[in-house]
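Bear in mind that the values here come from a model prediction, so they are computed numbers and not experimental data.
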Amino acid sequence: TVVLNNPRRRNALSLPMLRCLRQDLLHDVKSRELRVIVIAAEGPVFCSGHDLKELSTEDDVKHHSQVFELCAEVMTLIQKLPVPVIAKVNGLATAAGCQLVASCDIAVASEKSKFATPGVNIGLFCSTPAVALGRSLPRKVALEMLFTGEPLSAQEALMHGLVSKVVPEDKLEEETMKISHKICESSKSVLALGKATFYRQITQDLDTAYKMTTQVMVDNLTLRDGQEGIEAFIQKRKPVWTH
């Protein structure tokens, strides 16, 4: 579990926070024991997005570029990691914080959580969050969020596909761990192949996607765990994964 832990600054994605997040996401990434990553947060705000003090005119364009480039790197890193990443959201997620939720593979939210991209209201349109939102939400829903800055409730976020599940606040940890433990029952190597393939095919046209995934299914069968799973099913026993 990686915890955003600067509630006094509403867990803003400052340069130091982004650097720490990148470092923690990559920590033990090659370890066989690492099976799933949960991103959580301290305080009533999951993440408020960028630290606006870093985006004032007191800093130069080079610094501003550094902030947005590192943020984009972290968001894309989440989908490149070989294990599933779950956002455990208990509170408000705005702008790049909403982008962070949309970039995770799975998102579990408490009923009190809200999601917004309010940059337009302060003259800084949420263009980079729009990349993740536009790939998670129906276009018209994403654009209404981006044009108005109005928040989605947890139930609205669930209805439109921004989050996977909404649960009472006192059940958030339990539900997140339930999903995590279920993931841990599967082969790490099979999940890594499946996750990478999913994100590759989702941007392709139908014929190209099927051609690519057909080959991946064949490749999956060459994995030791691919054969172990099939043999265990036929023999009506529990598989023993090598990962």
Going by side chain to side chain donor-acceptor pair (under 3.5 Å), name the residues that satisfy it together with K182, two or more places apart in sequence or in a different chain.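 By the side chain to side chain donor-acceptor pair (under 3.5 Å) rule, K182 matches E185.
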
Can you name the residues that form a side chain to side chain donor-acceptor pair (under 3.5 Å) with D205, not counting sequence neighbours?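 Side chain to side chain donor-acceptor pair (under 3.5 Å) check on D205 returns T208.
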
Under 3.5 Å, is there a donor-acceptor pair between the side chain of [X] and the main chain of [Y]?
| X | Y | result |
| --- | --- | --- |
| H181 | M177 | yes |
| R35 | S186 | yes |
| T117 | A95 | no |
| D28 | S31 | no |
| Q201 | F198 | yes |
| D225 | T242 | yes |

Other ILVMFWY residues reachable from I230 by side-chain steps of under 4.5 Å: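 L221, I234, all in the cluster of I230.
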
Could you check whether atom [atom1] of [X] has more than 12 heavy atoms from other residues, nucleotides or ligands sitting under 6.0 Å from it?
| X | atom1 | value |
| --- | --- | --- |
| M217 | CE | no |
| K188 | NZ | yes |
| K112 | NZ | yes |

Residues two or more places apart in sequence or in another chain: which of them pass salt bridge (Lys or Arg N to Asp or Glu O under 4.0 Å) with [X]?
| X | answer |
| --- | --- |
| K165 | E175 |
| R8 | none |
| E111 | none |

Starting from [Y], can I reach [X] by hopping between I/L/V/M/F/W/Y residues whose side chains sit under 4.5 Å apart?
| X | Y | value |
| --- | --- | --- |
| L100 | L55 | yes |
| V101 | L172 | no |
| V45 | V2 | no |
| L34 | L77 | yes |
| F46 | F115 | yes |

Spacing of [atom1] belonging to [X] relative to [atom2] belonging to [Y], to within rounding of 0.5 Å:
| X | Y | atom1 | atom2 | answer |
| --- | --- | --- | --- | --- |
| L4 | D24 | CG | CG | 9.5 Å |
| L193 | S189 | CG | OG | 8.0 Å |
| I86 | I106 | CD1 | CD1 | 4.5 Å |
| K211 | D207 | NZ | CG | 10.0 Å |
| I39 | I37 | CD1 | CD1 | 7.5 Å |
| L92 | S48 | CG | OG | 8.0 Å |

Name all residues meeting the ring-ring contact (aromatic ring centres under 6.0 Å, His included) criterion together with F68; count only those two or more places apart in sequence or in a different chain, and write none if there are none.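 With neighbours one apart ignored, the set is H50.
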
List the steps and the verdict of salt bridge (Lys or Arg N to Asp or Glu O under 4.0 Å) for E228 and R237. CA-CA 10 Å; E228 166 62 16; R237 62 175 174 82; 2.7 Å; yes

Heavy-atom pair of closest approach, residues [X] and [Y]:
| X | Y | value |
| --- | --- | --- |
| A87 | C104 | CB-SG, 3.8 Å |
| V29 | P82 | CG2-CD, 3.6 Å |
| M145 | L137 | SD-CD1, 3.7 Å |
| L26 | L81 | CD2-CD2, 4.3 Å |
| C98 | A93 | CB-O, 3.6 Å |
| G229 | P239 | CA-CB, 4.4 Å |

Contacts under 3.5 angstrom, residues 152-164 side chains, donor-acceptor by atom type, not counting sequence neighbours:
{"unit_1": "S153", "atom_1": "OG", "unit_2": "E156", "atom_2": "N", "d": "3.1"}
{"unit_1": "S153", "atom_1": "OG", "unit_2": "E156", "atom_2": "OE1", "d": "3.3"}
{"unit_1": "E156", "atom_1": "OE1", "unit_2": "S153", "atom_2": "N", "d": "2.8"}
{"unit_1": "S164", "atom_1": "OG", "unit_2": "A107", "atom_2": "N", "d": "3.0"}
{"unit_1": "S164", "atom_1": "OG", "unit_2": "A107", "atom_2": "O", "d": "3.3"}

What side-chain donor-acceptor pairs closer than 3.5 Å can you find for residues 12-21, not counting sequence neighbours?
{"unit_1": "S14", "atom_1": "OG", "unit_2": "M17", "atom_2": "N", "d": "3.2"}

With side-chain hydrogen bond (donor to acceptor under 3.5 Å, both in side chains) as the rule and sequence neighbours excluded, what pairs involving [range] come up?
| range | result |
| --- | --- |
| residues 125-150 | none |
| residues 85-104 | K88-E173, N90-S110, N90-E169 |
| residues 74-84 | none |

Heavy atoms, side chains only, cut-off 4.5 Å: are V36 and V85 in contact?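 Not in contact.
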
